[in-house]
Amino acid sequence: MCKQAFNPPAVRVRFAPSPTGYLHIGGLRTALYGYLFARRQGGSLVLRIEDTDRTRFVADAENDIVQALQWCGLEVDEGPEQGGRYGPYRQSERQSLYVKYAESLVASGHAYYAFDTPDSIAELRKTSAAYGIGTRLQMDNSLTQSSEIVRQRLDAKESHVIRLCVPEHEIIRFHDRIKGEVKVASESIDDQVLIKSDGMPTYHLANVVDDHHMAISHVIRGDEWIPSTPKHILLYQMLGWQPPVVAHLPLILSPTGGKLSKRSAERQGIPINVRDYRALGYEPQAVVNFLAFLGWNPGSEEEVFGLKELEQVFSLERVGSAPAQFDLNKLNWFNGQHLRRLEIPALADRVRFYLEKEGIQRPDHHDLEEVCLLVRDRLEHAKDVARRFRYCFADPDEFDPGGVKKRWKADSAELVQGYAARLESIKAFDEPTLETQLRDLAAQHEVGAGRIIHPVRLAVSGTTAGPSLFALLRVLGRDTCVRRLRNAVRILSK
RNA sequence: GCCGCGUUCGUCUAGGGGUCUAGGACGCCGGCCUUUCACGCCGGUAACACGGGUUCAAAUCCCGUACGCGGUACCA
């Protein structure tokens, strides 16, 4: 009979950055976890721009955030760009909403007008206490002034703010999906400003009003918000709203343990903005994979996951509660892993970009995809191709001195010369032929094959390390090989 | 200072009272493969912060201490 299903409220997660700068790598992780959770639950991800601080507003920050999410493949369901039925999605465009609720809180006695000057507040803080339960009655506000006076001052447009009236003797508690039960005494909470004197809401009010109005079911954000969550809980109670589920992610620390600030990160060679990773040529999937594992794990021993795969296995239950240190080494490893997962044409695309950047002219007969196939297992970054394997596209302009010392022997010139001659005359320029010719030459001179292989590699690449020699020669092509061999003989035999 | 959160190899972590002489990954070191370098494979190095409880039994539960981090704005 009672077969009708109870429909749980839709999962709606928001990512709510403030456009005060480019998207930070830690911010991306917050977005990622929100995205993964939403996808896994069949819910949606909402992007909300929290631009209530006009003094710190950065014009192109919003665009940077959007670009960064896109680069990583994190699709936003609702936001300033795609719209949605809960818009607008910029807080600066929803201002009237906040003021309305702030005033209703004043009316219900949960908030009050305060006229204190910055100086008088500074004075208050000198004597230690905060503006709150213990001190509000000694300040200049609607609790200490008659309603008539307050009315007059308001009408006269006197500068003021609206403050939350924190109740006394209350233990505020909430359940955090990651941290568990958290409780705080109301005495330790300030009478937070809700509406600033410029009429804009503070984060606390705006966030609560918007999460409610946008039907947000889960608030997933950084650990640094835990201390303000009780303020939000209070607001939900006063407004008579159901608070969303909250989950606070542990912070990302710098490799030395401190906060991963711009300063500390850059000192340690860690890019701080998502756009930097992009510019440096990191694979978005690798960044995502690395970030996902900074504080979360699937519970199995697999570690290499693409975004789509992460969507299948992510859960908040497996997010740890301890902060994690950023490890560039591991990111690089993930990068190599994901680079190798790429289809060759996709890899070639990445590489092409760096070739251009390094000013390398690609000779026509060199098939870039062949080169990619050749060097792929030796890559950690796409740009390695343009650097370590530059010789795949341009004749080496120097020979590694250590390599020369070790591999270029008295008979090298003669052998390399001989091999060059053979390369000129063979009909098929394929690996088996290249190899038989070399071994045959070695036998003829009664030396080991290595006696020729090493000098040839050195001559052709300028270095002693690289892919399988015969495959390399094949990819380079006959003319290039012969030219380089002869050139090397000329230079190294002096 | 006050409030809060945290603490397993150098790093990311598994672990939810006995199966932990603590498992995996990165890094590092050795070996195999091999024409080199990688890849791959095999092996090694290395950790339960400390002190008290609770329990037959604690890395796992409780309480302290230490340390780290965060918050303490008309910033988010």
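Basis for what follows: all heavy atoms, side chains included, without hydrogens, waters or symmetry-related copies. Residue numbers start from 1 in every chain, and the chains themselves are labelled A, B, ... in the order their sequence lines are given, proteins ahead of strands.
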Novice: Rounded off to whole Å, could you give me the CG-to-C1' distance for the A:N332 and B:rG27 pair?
Specialist: 11 Å
Novice: Just how far, in rounded Å, is P of B:rA38 from CG of A:L469?
Specialist: 17 Å
Novice: With a 4.0 Å cutoff (strictly under), does any side-chain N or O of A:K196 reach OP1 or OP2 of B:rA76?
Specialist: yes
Novice: For A:R48, enumerate each residue passing the salt bridge (Lys or Arg N to Asp or Glu O under 4.0 Å) test, keeping only those at least two apart in sequence or located in another chain.
Specialist: A:E50, A:D210, A:D211
Novice: Which one is paired to B:rU7, where only Watson-Crick or G-U wobble pairs with both distances under 3.5 angstrom count?
Specialist: B:rA66
Novice: Counting only Watson-Crick or G-U wobble pairs whose two distances fall under 3.5 Å, which nucleotide matches B:rU21?
Specialist: none
Novice: Mind checking if A:G450 touches a base, just sugar-phosphate, or nothing, with heavy atoms under 4.0 Å?
Specialist: nothing
Novice: Has A:N297 got a side-chain N or O lying under 4.0 Å from the OP1 or OP2 atom of B:rU13?
Specialist: no
Novice: Indicate yes or no: does A:E309 engage A:R341 in a salt bridge with an N to O separation below 4.0 Å.
Specialist: yes
Novice: What is the distance, rounded to the nearest whole Å, between atom CG of A:L374 and atom P of B:rC37?
Specialist: 16 Å
Novice: Does A:R163 make a side-chain N or O approach to OP1 or OP2 of B:rC74 shorter than 4.0 Å?
Specialist: yes
Novice: Among B:rG24, B:rA73, B:rC3, which nucleotide sits nearest the side chain of A:S188?
Specialist: B:rC3
Novice: Hey, does the side chain of A:T52 come within less than 4.0 Å of B:rA76's phosphate (OP1/OP2), counting only N and O?
Specialist: yes
Novice: Could you check whether A:F290 and A:Y282 have their ring centres less than 6.0 Å apart?
Specialist: no
Novice: Ignoring the backbone of A:I226, work out which of B:rC5, B:rU13, B:rC74 is nearest its side chain.
Specialist: B:rC5
Novice: Whole-Å distance between B:rU11 C1' and A:L260 CG?
Specialist: 14 Å
Novice: Give a yes/no answer on whether the side chain of A:R54 brings an N or O atom under 4.0 Å of OP1 or OP2 in B:rC75.
Specialist: no
Novice: Name the pairing partner of B:rA73, where a pair is Watson-Crick or G-U wobble with both distances under 3.5 Å, or state none.
Specialist: none
Novice: Would you kindly give the CD1-to-P distance between A:I172 and B:rC3, to the nearest whole Å?
Specialist: 15 Å
Novice: For B:rA38, give the paired nucleotide (Watson-Crick: N1-N3 plus N6-O4 or O6-N4; G-U: N1-O2 and O6-N3; both under 3.5 Å), or none.
Specialist: none
Novice: In whole angstrom, give the distance that lies between atom CD of A:Q325 and atom C1' of B:rC26.
Specialist: 14 Å
Novice: Mind calculating the distance between CG (A:L194) and C1' (B:rC74) to the nearest angstrom?
Specialist: 11 Å
Novice: Without decimals, in angstroms, what is the distance between A:E224 CD and B:rG70 P?
Specialist: 10 Å
Novice: Does B:rA46 pair with anything, Watson-Crick or G-U wobble, both distances under 3.5 Å, and if so, with which nucleotide?
Specialist: none
Novice: Can you figure out which of B:rA76, B:rU36, B:rA25 approaches the side chain of A:R407 most closely?
Specialist: B:rU36
Novice: Just call it for A:A322: base, sugar-phosphate, or nothing, with non-hydrogen atoms closer than 4.0 Å on any strand.
Specialist: sugar-phosphate
Novice: Taking the side chain of A:H454 as its heavy atoms from C-beta onward, which of B:rC12, B:rU35, B:rC74 lies nearest to it?
Specialist: B:rU35
Novice: Looking at the base of B:rC75, is there any donor atom on it, or on the side chain of A:R56, that sits under 3.5 Å from an acceptor on the other one?
Specialist: yes
Novice: For A:H445 and A:D411, test the side chains for any donor-to-acceptor distance below 3.5 angstrom and give the result as yes or no.
Specialist: no
Novice: Should the pair A:R90-A:D51 be classified as a salt bridge under the 4.0 Å nitrogen-to-oxygen rule?
Specialist: no
Novice: Does any nucleotide pair with B:rG16 by Watson-Crick or G-U wobble geometry, both distances under 3.5 Å, and what is it?
Specialist: none
Novice: Using heavy-atom distances to pick each residue's nearest nucleotide on RNA chain B, tell me which of A:A114 and A:K259 is more 5'.
Specialist: A:K259
Novice: Nearest to the side chain of A:T202 - B:rC26, B:rC75, B:rA73?
Specialist: B:rC75
Novice: Which one, B:rG10, B:rG6, B:rA73, comes nearest to the side chain of A:R125?
Specialist: B:rA73
Novice: Using the side-chain heavy atoms of A:A465, tell me which of these nucleotides is nearest: B:rU36, B:rA73, B:rC5.
Specialist: B:rU36
Novice: Can you confirm whether more than 12 heavy atoms, excluding those of A:K406, are under 6.0 Å from its NZ atom?
Specialist: no
Novice: Going by purine N1 to pyrimidine N3 plus the second Watson-Crick contact, or the G-U wobble pair, all under 3.5 Å, which nucleotide sits opposite B:rC61?
Specialist: B:rG53
Novice: With a 4.0 Å cut-off on N to O distance, would you call A:D384 and A:R387 a salt bridge?
Specialist: no
